[in-house]
Every structure is written in C-alpha cells, then in structure tokens.
Amino acid sequence: MADHYAVIDVGTNAMRWQIAAVDHPKHYRIVVQDRQPVRLGRQVFQTGKLNAQAVDAGLRVLKDFTSATDRYRVKAIRAA
C-alpha cells in the first residue's frame, strides 16, 4: 500500500497543492491537485498589508487542502 505525502505552494498570486501516493522511493503518482487564484499579493505594495478578502480566500483553500489530506491520510506535508 502506498503512503501519501502532500505539498503546498503559497504564492502571491495563487495557492497550489498536490497529494501524491509514494509506492517506493523515486516512484510516485499525483492523486489530487488544485490551484486557486487567491491573489495574496494584491495591493500589498500600496497598503503594506494583505488584503482581507485574499486572506479569507487563502484560508478557504487551506481548509479544502486539510480536508483532502485527512481523506488520503497524508503522512507529511511540506509548504513553501
């Protein structure tokens, strides 16, 4: 049985995440992935702060990601 691992990329424009099944070292397959344009960087250079709506959108993406990691019983998560 494969172990599942996850990655998340929090960018200024979009958040991306993937969950992969790892059968053995150097062999994996992506089982689910998503990309959402949350626009965290919108207006940050003008205001010096994150936009509240973008933060809410980012939190919704993380909630969806958490639900997926629970379904697949992910062993570890890496974020950047």
Side-chain angles (χ1 to χ4, degrees):
M1 181 177 197
D3 291 325
H4 291 86
Y5 296 89
V7 293
I8 185 166
D9 172 22
V10 179
T12 57
N13 190 46
M15 294 176 75
R16 298 171 178 87
W17 56 265
Q18 293 182 331
I19 297 175
V22 179
D23 301 318
H24 53 80
K26 298 185 183 181
H27 185 265
Y28 68 92
R29 60 187 161 77
I30 304 299
V31 294
V32 64
Q33 63 184 353
D34 194 20
R35 178 193 180 278
Q36 294 294 321
V38 296
R39 314 266 192 265
L40 283 174
R42 180 180 48 195
Q43 298 175 338
V44 80
F45 291 112
Q46 290 87 13
T47 65
K49 298 178 183 178
L50 293 175
N51 178 290
Q53 290 135 339
V55 170
D56 288 342
L59 291 173
R60 283 192 301 275
V61 170
L62 291 174
K63 183 177 179 183
D64 292 344
F65 174 67
T66 301
S67 296
T69 60
D70 291 345
R71 277 194 313 276
Y72 285 94
R73 297 184 179 145
V74 167
K75 292 186 90 167
I77 301 169
R78 294 283 186 234

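Keep in mind it's a predicted model, so treat the numbers as computed, not measured.
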Less than 3.5 Å apart, which donor and acceptor atoms pair up between the side chains of residues 71-80 and the rest of the protein, not counting sequence neighbours?
none

- Message: Test of understanding: clusters of I, L, V, M, F, W, Y form through side-chain heavy atoms closer than 4.5 Å, transitively. Do Val10 and Ile19 belong to the same one?
- Response: yes
- Looking only at heavy atoms, the pair that brings Val31 and Ala21 closest together is CG1-CB, 4.0 Å
- Are Ile8 and Val22 linked, directly or through other ILVMFWY residues, by side chains that come within less than 4.5 angstrom of each other? no
- On a heavy-atom basis, the closest approach of Val55 and Leu50 is CG2-CB, 3.7 Å
- Query: Rounded to the nearest 0.5 Å, how far apart are OG1 of Thr12 and CZ of Arg39?
  - Reply: 9.5 Å
- Pairwise side-chain contact, Met15 with Leu62, heavy-atom cut-off 4.5 Å (strictly under): yes
- Query: From Gln18 CD over to Ile30 CD1, what is the distance, rounded to the nearest 0.5 angstrom?
  - Reply: 4.0 Å
- Task: Using a 4.5 Å cut-off on heavy atoms from C-beta on, say whether the side chain of Val61 contacts that of Trp17.
- Result: yes
- Shared hydrophobic cluster for Phe65 and Val32 (ILVMFWY, side-chain gaps under 4.5 Å): yes
- Task: For Ala6 and Thr69, work out which heavy atoms get closest and say how close.
- Result: CB-CG2, 4.2 Å
- Task: Look at atom OH of Tyr5 and say whether more than 12 heavy atoms of other residues, nucleotides or ligands are closer to it than 6.0 Å.
- Result: yes
